[in-house]
Amino acid sequence: MKLTDSRRIQADVTTIWAGLLNPDVLKECVPGCTEMSGSPEEGFEATVVQKVGPVKATFKGAVQLSDMVENESLVMTGEGKGGPAGFAKGGANVRLEADGDATILHYEVEANVGGKLAQLGSRIIDGFAKKMADQFFANFQDAVEPPDPDAADEEDTKKKGWFRRMTGS
């Protein structure tokens, strides 16, 4: 399954880049992630709990960052094993493009599964993979964008831009 999309994020390229390399940001942005540790240089270890159709699994795996060009692009590749449920592996090519005060984050995602998960059929798997990628990048956008001062909901304002507040950007 392949997916290509982009998001316009109201944050500068440096802030986006720092967020992509931060394990705390990644943990908060990966749907179902319960643990994330490591570094961009050594790679990250993660535990993710997900339900795909009728199959619920805890995936333990690793994510590696490669082909890093600071503030421009990187490749994320990962593989997780979910015990009897099977395995999932894939990657994302991420490219950053400055757009005034904002950044356009382009991504190409490819995902593959095996084991019981593969028996669910491509329609379920493709839909799930698209949902996961969209949710990750939406969560990432919320983490790095500044809060909207006109936001009516105080809870949304607290959630938005938490990474920027943490780094003082």
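Heads up: numbering here begins at 1 and tracks the sequence. Values reported hereafter were calculated over all heavy atoms of this structure, with side chains retained and with hydrogens, waters and symmetry mates removed.
Under the 4.5 Å side-chain criterion, counting only non-hydrogen atoms from C-beta, F137 is not in contact with D5. Contact check for F136 versus V109: no side-chain heavy atoms found under the 4.5 Å cut-off. Considering only heavy atoms from C-beta on, F140 stays 4.5 Å or farther from E145 through its side chain. Counting heavy atoms from C-beta outward, I9 and I16 have side chains that approach closer than 4.5 Å. With a 4.5 Å cut-off on side-chain heavy atoms, T77 and V63 do not count as touching. In this structure, M76 and L26 have side chains that are in contact, with non-hydrogen atoms separated by less than 4.5 Å.
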Please determine whether salt bridge (Lys or Arg N to Asp or Glu O under 4.0 Å) holds for the pair K130 and D134, giving the CA-CA distance in whole Å, both sets of side-chain angles, and the decisive distance to 0.1 Å.
CA-CA 6 Å; K130 179 177 179 0; D134 289 345; 2.8 Å; yes

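Screening residues 55-75 for salt bridge (charged side-chain N to carboxylate O under 4.0 Å, His left out), with sequence neighbours left out, gives no hits. Residue pairs satisfying the ring-ring contact (aromatic ring centres under 6.0 Å, His included) criterion with at least one member in residues 27-49, sequence neighbours excluded, are absent.
Transitive grouping of hydrophobic side chains (ILVMFWY, heavy atoms separated by less than 4.5 Å) keeps L3 and I104 in distinct clusters. Using a 4.5 Å cut-off between side-chain heavy atoms of Ile, Leu, Val, Met, Phe, Trp and Tyr, with links allowed through other members, L20 and V75 fall into different hydrophobic clusters.
Checked against side-chain contact (heavy atoms from CB on, under 4.5 Å), V48 has the following partners two or more places apart in sequence or in another chain: V30, C33, Q50. Every residue two or more places apart in sequence or in another chain that forms a side-chain contact (heavy atoms from CB on, under 4.5 Å) with T4 is listed here: E108. Residues passing the side-chain contact (heavy atoms from CB on, under 4.5 Å) test with E35, sequence neighbours excluded: T47.
Without hydrogens or angle criteria, Q135 side chain to P31 main chain gives no donor-acceptor distance under 3.5 Å.
Across all their heavy atoms, A62 and E45 have their closest contact at CB-OE2, 3.8 Å.
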Which donor-acceptor pairs under 3.5 Å do side chains of residues 79-103 form with protein atoms, sequence neighbours excluded?
from: E97; atom 1: OE1; to: H106; atom 2: NE2; distance (Å): 2.8
from: D99; atom 1: OD2; to: R8; atom 2: NE; distance (Å): 2.9
from: D99; atom 1: OD2; to: R8; atom 2: NH2; distance (Å): 3.2
from: T103; atom 1: OG1; to: A11; atom 2: O; distance (Å): 2.7
from: T103; atom 1: OG1; to: V13; atom 2: N; distance (Å): 3.1

